[in-house]
2 protein chains.
Amino acid sequence: MVVDDEPSIRDLLSASLRFSGFEVLTAADGYEAVEVAERTNPDLVVLDVMLPDLDGFEVARRIGVPVLFLTARDNTEDKIVGLGVGDDYVTKPFSLEEVQARIRAVLRRTRGENTPASRLRVADLELDEEAREVWRNGRQVRLSPTEYKLLHYFMSNAGRVLSKAQILDHVWNYDFGGDAGVVESYVSYLRRKVDDVEPRLIHTLRSVGYVLREPPAG
Amino acid sequence: MVVDDEPSIRDLLSASLRFSGFEVLTAADGYEAVEVAERTNPDLVVLDVMLPDLDGFEVARRIGVPVLFLTARDNTEDKIVGLGVGDDYVTKPFSLEEVQARIRAVLRRTRGENTPASRLRVADLELDEEAREVWRNGRQVRLSPTEYKLLHYFMSNAGRVLSKAQILDHVWNYDFGGDAGVVESYVSYLRRKVDDVEPRLIHTLRSVGYVLREPPAG
DNA sequence: GTGAGCGTTCAGCTATTCCTCAGCCTCCTG
DNA sequence: CAGGAGGCTGAGGAATAGCTGAACGCTCAC
């Protein structure tokens with residue numbers, strides 16, 4: 001369930017989550033959130049701390065399911081203490097990759113240990129979501145947060161062609177004002193760090209985008 | 001079994017204990033506690049001294065299973081010590097690490113000596129829960145209470161990435177109002193005391209958190 | 001009362017990271 | 001083959017997260 005009073009945020013999140021295969025309900029304020037949660041018992045609630053009526057914490061306390069808080073990065077950032085066990089928070093403005101990663105982490109934590117180890121693999125490139133580690137050709141690679149998010153996006157969409165605009169929308173914060181040049185920079189960083197051996201996995205499709213995939217045998 | 005009339009405390013404790021693998025029942029007042037305890041015969045009861053109906057001492061007397069008392073840091077604390085009731089106690093506000101440590105200690109004591117010596121180990125870093133002793137590289141290290149709790153939390157979650165918020169929620173009291181800077185300070189203390197030799201075990205994941213683990217061979 | 005140990009805050013410093021930009025390269029087209 | 005659009009990447013400046021020494025109270029034991 002997604003709870004935010006700003007429709008743009010609500011739509012952004014629910015569309016992105018639905019696309020990733022989640023079933024999503026939404027609520028625009030605290031009372032509606034409590035009501036819907038009690039009726040449907042969602043697995044997880046993405047919850048803005050700042051709601052017009054009830055405080056986000058109050059909502060969380062009342063509905064008693066795992067929560068991922070959304071909070072502004074201003075003065076109150078550090079006030080997010082007293083999270084329930086397994087809960088987490090993300091600061092606005094966020095990136096969709098960030099939110100989805102946190103959601104999966106919370107679900108993994110609260111659903112118990114039966115969740116399979118989350119490990120993405122394409123050829124000899126491996127990414128461990130839990131440990132946040134990346135390996136290429138048996139060698140561990142150190143990535144900065146943005147590099148990691150970008151590679152994660154590539155790997156969870158391996159074989160799919162991604163335009164720079166798509167990449168920007170998922171990996172960068174939703175308020176990012178710059179142009180797509182930054183994507184080129186980070187693709188360049190990634191190539192140097194994880195794609196400097198054969199077979200090359202990150203391919204440029206001129207004036208279309210990029211794709212990460214194992215080249216065909218031929 | 002967790003007995004407290006405040007829902008937030010009840011939820012905090014039961015979620016945390018469930019996550020650690022305990023089976024948890026809850027009760028909100030004294031009569032319910034006695035009733036549930038008689039029916040289910042729990043291994044241990046975490047019991048608030050101050051209940052709306054029955055006195056916590058009275059509940060403990062009636063149900064006759066090992067008890068960990070929760071109490072305010074006031075004269076009832078002295079009462080517990082004076083009466084010699086209960087098997088141990090923790091003062092509110094507590095930290096989850098504290099409560100879990102006490103629970104395990106009580107269970108170890110009341111279940112007899114068959115419990116294996118609880119000793120955590122990561123590389124040449126060792127922690128003896130019973131003796132509350134820490135060794136690195138064959139050398140014993142003296143830690144303050146908070147340093148010990150933090151290291152214990154790290155070691156029981158070795159290999160798992162922990163955010164500062166998570167650390168704050170487990171190691172610090174639930175009413176702690178400060179910001180996450182204090183975690184950085186304590187990580188710094190720990191590094192100086194137990195992580196000043198190779199291989200380094202406490203690793204910073206910038207803008208994500210920390211992880212304690214043996215660095216991979218690669 | 002006094003001193004030691006402890007918890008917490010804070011500020012200066014360092015290292016990392018992010019982003020922009022400009023120049024060069026590559027590919028495509030005519 | 002010339003030109004241009006699109007792409008690549010090194011350099012650099014600004015912002016940020018994290019580290020740590022120092023200071024300040026608080027508690028507790030003596």
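So that the names make sense, note that chain A is the first sequence line, chain B the second, and so on, each numbered from 1. Worth knowing before you read on, the calculation uses all heavy atoms, side chains too, and leaves out hydrogens, waters and symmetry mates.
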Requested in this report: For B:Gly181 and for A:Gly181, locate the closest nucleotide of DNA chain D by heavy-atom distance; then report the residue assigned to the nucleotide nearer the 5' terminus.
Outcome: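 Counting from the 5' end, the first nearest nucleotide belongs to A:Gly181.
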
Rounding to an integer number of Å, can you tell me how far [X] [atom1] sits from [N] [atom2]?
X	N	atom1	atom2	answer
A:Tyr210	D:dG6	OH	C1'	9 Å
B:Phe176	D:dC26	CZ	P	16 Å
A:Glu184	C:dC19	CD	P	14 Å
B:Asn173	D:dC26	CG	P	17 Å
A:Ile167	C:dC19	CD1	P	14 Å
A:Tyr189	D:dG7	OH	C1'	15 Å
A:Arg200	D:dC8	CZ	C1'	14 Å
B:Leu205	C:dT16	CG	P	14 Å

Query - Heavy atoms of other groups near B:Arg191 CZ, more than 12 under 6.0 Å - result: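 Buried by this count: over 12 neighbours within 6.0 Å.
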
**Report entry** Greater than 12 external heavy atoms within 6.0 Å of B:Arg121's CZ
**Finding:**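 No - once you tally the heavy atoms of other residues, nucleotides and ligands closer than 6.0 Å, there are 12 at most.
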
Any [X] side-chain N or O less than 4.0 Å from OP1/OP2 of [N]:
X	N	answer
B:Thr204	D:dG18	no
A:Lys164	D:dG6	no
B:Arg192	D:dG21	yes
A:Trp172	C:dC18	no

Query raised in the report: For nucleotides 24-30 of chain C, read 5' to 3', which letter fits each nucleotide if B means a protein heavy atom sits under 4.0 Å from the base, S means only the sugar-phosphate is that close, and - means neither?
Result: --BB---

Query raised in the report: Touch check for A:Tyr148, heavy atoms < 4.0 angstrom, all strands: base, sugar-phosphate only, or nothing?
Result: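 Here A:Tyr148 touches no strand at all.
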
Report task. Using a 4.0 Å heavy-atom cut-off across all strands, classify B:Arg73 as base, sugar-phosphate, or nothing. Result ->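 No contact at all - B:Arg73 keeps every heavy atom at 4.0 Å or more from the nucleic acid.
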
Query - Distance-only donor-acceptor test (3.5 Å): side chain B:Tyr186, base D:dC19 - result: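 Checked by distance alone, the answer is no.
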
**Report entry** Note, B:Thr26 side chain near B:Val2 side chain (heavy atom, < 4.5 Å)
**Finding:**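 Yes, their side chains come closer than 4.5 Å.
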
Query - Validation row: A:Glu6, A:Lys92 side chains within 4.5 angstrom (heavy atoms) - result: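 With C-beta onward as the side chain, the pair touches.
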
**Report entry** Carboxylate-amine/guanidinium proximity below 4.0 Å for A:Glu129 and A:Arg104
**Finding:**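 Judged by the 4.0 Å cut-off on N to carboxylate O distance, A:Glu129 and A:Arg104 do not form a salt bridge.
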
Query raised in the report: Taking the six-membered ring for Trp, are A:Tyr186 and A:Trp172 parallel (under 30°), tilted (30 to 60°) or perpendicular (over 60°)?
Result: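 It falls in the perpendicular class, over 60°.
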
Query - Contacts of B:Phe22 that satisfy ring pair (Phe, Tyr, Trp, His ring centres under 6.0 Å) - sequence neighbours left out - result: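 Per chain and number, B:Phe22 pairs via ring pair (Phe, Tyr, Trp, His ring centres under 6.0 Å) with no residue.
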
Query raised in the report: Is the backbone N or O of B:Arg139 less than 3.5 Å from a side-chain atom of B:Asn137, with the two atoms forming a donor-acceptor pair by type?
Result: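 Not at all, since once roles are kept as given, no pair shorter than 3.5 Å links the two residues.
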
Query raised in the report: Mapping B:Arg142 and A:Lys193 to their closest nucleotides on DNA chain C, which lands nearer the 5' end?
Result: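 Result: B:Arg142.
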
**Report entry** A:Ser144 or B:Glu147, whichever maps to the more 5' nucleotide of DNA chain C
**Finding:**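 The residue closer to the strand's 5' end, by nearest nucleotide, is B:Glu147.
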
